[in-house]
Amino acid sequence: MKKIIVTLMLVIGLVSALSACGSSGSSDSKGAPTAPSSSDGGSTITITASNFKFEPAEIKVKKGDKVTLKLDSKEGMHGISQPDLNIDLKKTGETVTFTADKTGTFVFACNVMCGAGHPNMKGKIIVE
Ligand SMILES: [Cu+2]
């Protein structure tokens, strides 16, 4: 009799252990926020602007990449301007898509008068 109970307990233990394993849930992966995801359909890079900096302040792309920039103003009103790459964003959530067709370092700056730190709001896009 004792043997049967022990066996039963073992079986129950095993079954619950297995089902617990199976239902451990899906793990959603959060990728690195600044790294471009792919080069085929173009990648989207979100630039977060706050008083008075851009995050990331430096973006690296490969020549020929199709890149979409998205402006996310977290604090205050900011924009992103880079005339050589035809970038001119002035509202949060706004995007621009460009093809990095020339190598070099392209400095972008805030184009909305946002306060004392405005002249220091700069970042760069490096096309290599
Ligand atoms: Cu500004």
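Atoms within a ligand are numbered from 1 in the order they appear, just like the ligands themselves.
- Using a cutoff of 4.0 Å between basic side-chain nitrogens and carboxylate oxygens, Asp88 and Lys90 are scored as salt-bridged.
- Closest non-hydrogen pair, Met121 versus Cys114, comes out as SD-SG, 3.7 Å.
- The Cu ion (ligand 1) has an N, O or S atom of Cys114 under 2.8 Å away, backbone or side chain.
- Between Leu89 and Lys70, every side-chain heavy-atom pair lies at or beyond the 4.5 Å cut-off.
- Residue Val112: an N/O/S atom is found under 2.8 Å from the Cu ion (ligand 1).
- Residues Pro119 and Phe52 have side chains not in contact (no heavy-atom distance under 4.5 Å, counting atoms from C-beta outward).
- Atom ND1 is the N/O/S atom of His118 found closest to the Cu ion (ligand 1).
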